[in-house]
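Heads up: the structure comes next, in C-alpha cells.
Starting from 1, each residue takes its place in the sequence as its number.
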Amino acid sequence: MVEQSKKIIVFEPNMNGPAHTEINAGFIKIIQKLYSEHELIFIADAEHLKLIQDKINMDKWELKPIEVTTFSPKKFIQLESKLMFRLTKILISNNNIEKIFLLGILPISQIYVSIINHFLDRDIVIALHGQMEVFLKENKIGFTRYYHSIPKYLYNSNDHIKYIIFGESIAKNIGFLFKREKLLVIDQPYIMNK
C-alpha cells in the first residue's frame with residue numbers, strides 16, 4: 001500500500017485584497033521549501049490568493065478560495081463566529097495533517113483553538129502580526145487593547161500550539177507573554193514587487 005503524503009495546511013483567515021500579500025507570499029515560499037515533499041494546501045480569500053499568485057509560483061499548492069469579510073471592530077462577533085466555524089472544519093475534517101499554519105488569528109478564535117486542540121492534538125503554528133503591540137503598556141488602543149488581551153493567558157496552555165513572531169525586537173518586547181520554547185522568531189518574510 002502506497003503511503004499518502006502528509007498535508008501542510010496554511011490558512012489566512014483575515015486578509016482580503018492586497019493587505020499582507022508580500023508577507024504571505026514570502027511565508028508561503030518558506031513553507032514550500034521546508035515541506036517540499038508534502039501535500040501543500042493554502043486556504044485564503046479568492047482575491048488575496050490571486051494577488052499572491054501574481055507574486056510567486058503556486059503550482060505545487062492546492063488552492064482553496066474562500067470569501068473573507070473586511071475586518072471591522074463593529075463586526076467582531078460575526079467575524080469570530082465565521083472564523084471558528086472554518087477552523088473547526090480544518091481541524092476535524094482533514095486526515096493525514098502534519099501541521100497547520102494560521103497566518104493571524106482573532107482573540108476569541110485563539111481561545112477556541114487552544115481549547116479544542118486539547119482534544120485534537122494538532123500541530124498548529126500561529127503567526128502573530130501587529131496585534132501584539134496592544135500588550136505594551138505605553139500603547140493605549142482603546143477597546144482593542146482589552147479585546148486582544150482576552151486570550152493572553154492561553155498562549156502557553158497547549159503544547160501543540162507554537163507561535164511565529166516576526167522579529168527579535170518584537171519577541172523581546174512581548175516575551176513576558178510566552179514560554180520561549182513556544183516561539184519561533186524569524187525576520188519578516190517579504191516578496192518585493194518586481
His20 versus Asn14, side-chain donor and acceptor atoms under 3.5 Å: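 The criterion, which ignores hydrogens and geometry beyond distance, is not satisfied for His20 and Asn14.
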For a quick check under 3.5 Å, do Glu12 and Asn24 share a side-chain donor-acceptor pair by atom type?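 Yes, because at least one side-chain N or O of Glu12 sits under 3.5 Å from a partner of the opposite role on Asn24.
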Please enumerate all residues that pass ring-ring contact (aromatic ring centres under 6.0 Å, His included) together with Tyr112, with sequence neighbours excluded.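 Tyr112: no ring-ring contact (aromatic ring centres under 6.0 Å, His included) contacts found.
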Looking at [X] and [Y], would you say the former's side chain and the latter's main chain have a donor-acceptor pair under 3.5 Å?
X: Lys162; Y: Ile124; answer: no
X: Lys60; Y: Asn57; answer: no
X: Ser109; Y: Ile105; answer: no
X: Asp45; Y: Met15; answer: no
X: Glu47; Y: Asn16; answer: no

Taking the side chain as C-beta and beyond, is there a heavy-atom pair between Leu103 and Val10 under 4.5 Å?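 In short, these two side chains touch, coming nearer than 4.5 Å.
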Heavy-atom side-chain contact between Asn117 and Ile161 under 4.5 Å: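 Side-chain contact under 4.5 Å: yes.
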[atom1] of [X] to [atom2] of [Y]: how many Å apart, nearest 0.5 Å?
X: Phe85; Y: Leu87; atom1: CZ; atom2: CG; value: 11.0 Å
X: Ile41; Y: Ile9; atom1: CD1; atom2: CD1; value: 4.5 Å
X: Ile66; Y: His48; atom1: CD1; atom2: NE2; value: 10.0 Å
X: Ile126; Y: Leu184; atom1: CD1; atom2: CG; value: 13.5 Å
X: Ser81; Y: Arg86; atom1: OG; atom2: CZ; value: 12.0 Å
X: Leu40; Y: Leu63; atom1: CG; atom2: CG; value: 10.0 Å

Atom of [X], atom of [Y] and distance for their closest heavy-atom approach:
X: Leu49; Y: Phe42; answer: CD2-CD2, 3.1 Å
X: Pro13; Y: Gly104; answer: CG-O, 3.1 Å
X: Gly17; Y: Leu51; answer: C-CD1, 3.4 Å

His118: which residues meet the side-chain contact (heavy atoms from CB on, under 4.5 Å) condition with it, sequence neighbours left out?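 For His118, the residues satisfying side-chain contact (heavy atoms from CB on, under 4.5 Å) (neighbours in sequence not counted) are Ser157, Asn158.
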Residue list, side-chain contact (heavy atoms from CB on, under 4.5 Å) with Asp123, at least two apart or on another chain: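 Counting only residues at least two positions away or on another chain, Asp123 forms a side-chain contact (heavy atoms from CB on, under 4.5 Å) with Lys99, His160.
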Cluster check Ile90, Tyr163: I/L/V/M/F/W/Y, side chain < 4.5 angstrom: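 The answer is yes; both residues are in one hydrophobic cluster.
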Is it true that Lys55 and Glu22 make a salt bridge, defined as a side-chain N closer than 4.0 Å to a carboxylate O?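 Glu22 and Lys55: salt-bridged.
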Anything under 3.5 Å between a donor and an acceptor, one on a side chain of residues 26-36, the other on a protein residue two or more places apart or in another chain? List them.
| residue | atom | partner | partner atom | Å |
| --- | --- | --- | --- | --- |
| Gln32 | OE1 | Trp61 | NE1 | 2.6 |

Sequence neighbours excluded, which residues qualify as salt bridge (charged side-chain N to carboxylate O under 4.0 Å, His left out) partners of Glu62?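 Listed in chain order: Lys64.
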Test of understanding: with salt bridge (charged side-chain N to carboxylate O under 4.0 Å, His left out), list the residues that count as partners of Glu168, not counting sequence neighbours.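 For Glu168 the salt bridge (charged side-chain N to carboxylate O under 4.0 Å, His left out) partners, ignoring immediate neighbours, are Arg180.
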If you count heavy atoms of other groups shown closer than 6.0 angstrom to CD of Glu181, is the number above 12?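 Correct, the count exceeds 12.
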May I have the step-by-step check of side-chain contact (heavy atoms from CB on, under 4.5 Å) for Leu91 and Ile116, ending in yes or no? CA-CA 9 Å; Leu91 291 168; Ile116 196 171; 3.7 Å; yes
In sequence, state the C-alpha distance, the side-chain angles, and the governing distance for Glu39 and Lys6, and then conclude on salt bridge (charged side-chain N to carboxylate O under 4.0 Å, His left out). CA-CA 6 Å; Glu39 183 182 340; Lys6 293 274 190 185; over 6 Å; no
